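This report concerns only the one structure given below.
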Protein chains: 2
Amino acid sequence: MAEILRPIGAIARALDGISNIEFKELELSRGQYLYLVRIAEQPGIILERLAAILKVDKTTAARAIQKLERNGIVERRPSPTDKKQKQIFMTAKGQALYPIIHRENTYSNQVALQGFTPAERDQLADYLNRVETNIAADWTAVKHGHHRNY
Amino acid sequence: MAEILRPIGAIARALDGISNIEFKELELSRGQYLYLVRIAEQPGIILERLAAILKVDKTTAARAIQKLERNGIVERRPSPTDKKQKQIFMTAKGQALYPIIHRENTYSNQVALQGFTPAERDQLADYLNRVETNIAADWTAVKHGHHRNY
DNA sequence: TTATTTTTGTTGCAATTACAACTAAAATGC
DNA sequence: GCATTTTAGTTGTAATTGCAACAAAAATAA
């Protein structure tokens, strides 16, 4: 059967490695760009939702956001409707970084899709969304201690 | 244009997270399964090649392999033709782990491809290999200090 | 209501990750 | 030949990552 785990892992590590190197000149440390773009696009998002979207441990996300806050890139305000939740927003400083990151991501996306026709690009994006949906439930289950049988 | 970076990243993190949790009962720590399967399939492979295939920093791979060696899972022998190189091989203990990892990976791959026809699976695998090729040169270049213009 | 469970977030660890900087050997250039 | 560059691997250091274990608020149950 076709194997997709390995290329997906290699592509993800390569793109992440490139971004981390390129964003060092923005004083962003490893992984921070991921959180930044999501918060910029979904202002008021809370930690657990962000971690679920990105598929990282919530404690990892927590510390990344703490650092972004310390560095004045995001700020957090208690939710008016739920005292447990802290809504996350971009500062002006953070807003200024967003287009730079977005431009880099767009470029990497173009490089990744070189030689693909528009129809192929759409089809690949559709496939990947289906794969993500397929795997999301298992990720949550295993994270919560569920044992998969195979 | 179609966006593929985000789902690829999310899928890779989800699958990696699942594997790392499931392989803890094999006494494998984070990431080690990646190196193990490649060494099992390409006995005698050297560090730099392994790092290039996996798209991780060579110092990361070096320390992962040092630990696998300490734990008796792989062993290294100097190359007979090049005194710089150290060839990496599986021990009997490591060989015993391979089928377990392989079975898990196969299962995750099946979950990921649920709802895909055989033709779609092949097509997705083909697309991903093309993307990997597209991005490999940029990864190496940026890793070596090259500055991309965009 | 009151008790229990789920949601949301935080710290304490222990480990991986990777940029610098460095050796030693091989390959290349002149 | 001999000097320079490239290949291959290691260690120092600093940071992210994430499993446990916890606390507080909200939702659910009884």
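Naming: A, B, ... by sequence-line order, numbering from 1 per chain. Model, not experiment: these values are computed from the prediction.
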Categorize B:R13 for me: base, sugar-phosphate, or nothing, with a 4.0 angstrom heavy-atom threshold over every strand shown. nothing
Which part of the nucleic acid does B:E48 contact within heavy-atom distance under 4.0 Å: base, sugar-phosphate only, or nothing? base
Here the distance between atom P of C:dT6 and atom CG of A:L47, to the nearest Å, is 20 Å
Looking only at the side chains, is there a donor atom on one of B:Y107 and A:N149 sitting less than 3.5 Å from an acceptor on the other? no
Has B:K86 got a side-chain N or O lying under 4.0 Å from the OP1 or OP2 atom of D:dT10? yes
Between the base of D:dG18 and the side chain of A:K58, is there a donor-acceptor distance below 3.5 Å? no
Which residue lies toward the 5' end of DNA chain C, B:T60 or A:Q66, if each is placed at its nearest nucleotide? A:Q66
Between D:dG9 (C1') and B:D57 (CG): distance, integer Å: 12 Å
Round to a whole Å and report the spacing from NZ of B:K84 to C1' of D:dA8. 6 Å
Tell me: NZ of A:K67 to P of D:dA15, nearest whole Å? 6 Å
By nearest atom, which of the nucleotides C:dT17, D:dA24, D:dA15 is closest to the A:S29 side chain? D:dA15
Pick the closest DNA chain D nucleotide for A:V56 and for A:T81 by heavy atoms, then say which residue is nearer the 5' end. A:V56
Do you see a donor-acceptor pair shorter than 3.5 Å between the side chains of B:N105 and B:N109? no
For the side chain of A:R63 and the base of C:dG12, is some donor closer than 3.5 Å to an acceptor across the two? yes
How close do A:A10 and B:I53 get, heavy atom to heavy atom, and via which atoms? CB-O, 4.2 Å
Could you state the atom-to-atom distance from CG of A:N71 to P of D:dA15 in whole Å? 11 Å
Which part of the nucleic acid does B:T59 contact within heavy-atom distance under 4.0 Å: base, sugar-phosphate only, or nothing? base
How many Å lie between CZ on B:F23 and C1' on C:dA15, as a whole number? 19 Å
Tell me which of B:R49 and A:D82 sits closer to the 5' end of DNA chain D, going by the nucleotide each one is nearest to. B:R49
Would you say B:K24 reaches D:dG18's phosphate, i.e. side-chain N/O to OP1/OP2 under 4.0 Å? no
Would you say A:R121 has more than 12 foreign heavy atoms packed within less than 6.0 Å of its CZ? yes
B:L28 CG to C:dA15 P: how many Å, rounded? 15 Å
Rounded to the Å, how far apart are A:I45 CD1 and C:dT8 P? 12 Å
Give one of base, sugar-phosphate or nothing for B:R76, where a contact means two heavy atoms less than 4.0 Å apart. sugar-phosphate
Tell me whether the rings of A:Y127 and B:Y127 are parallel (<30°), tilted (30 to 60°) or perpendicular (>60°). parallel
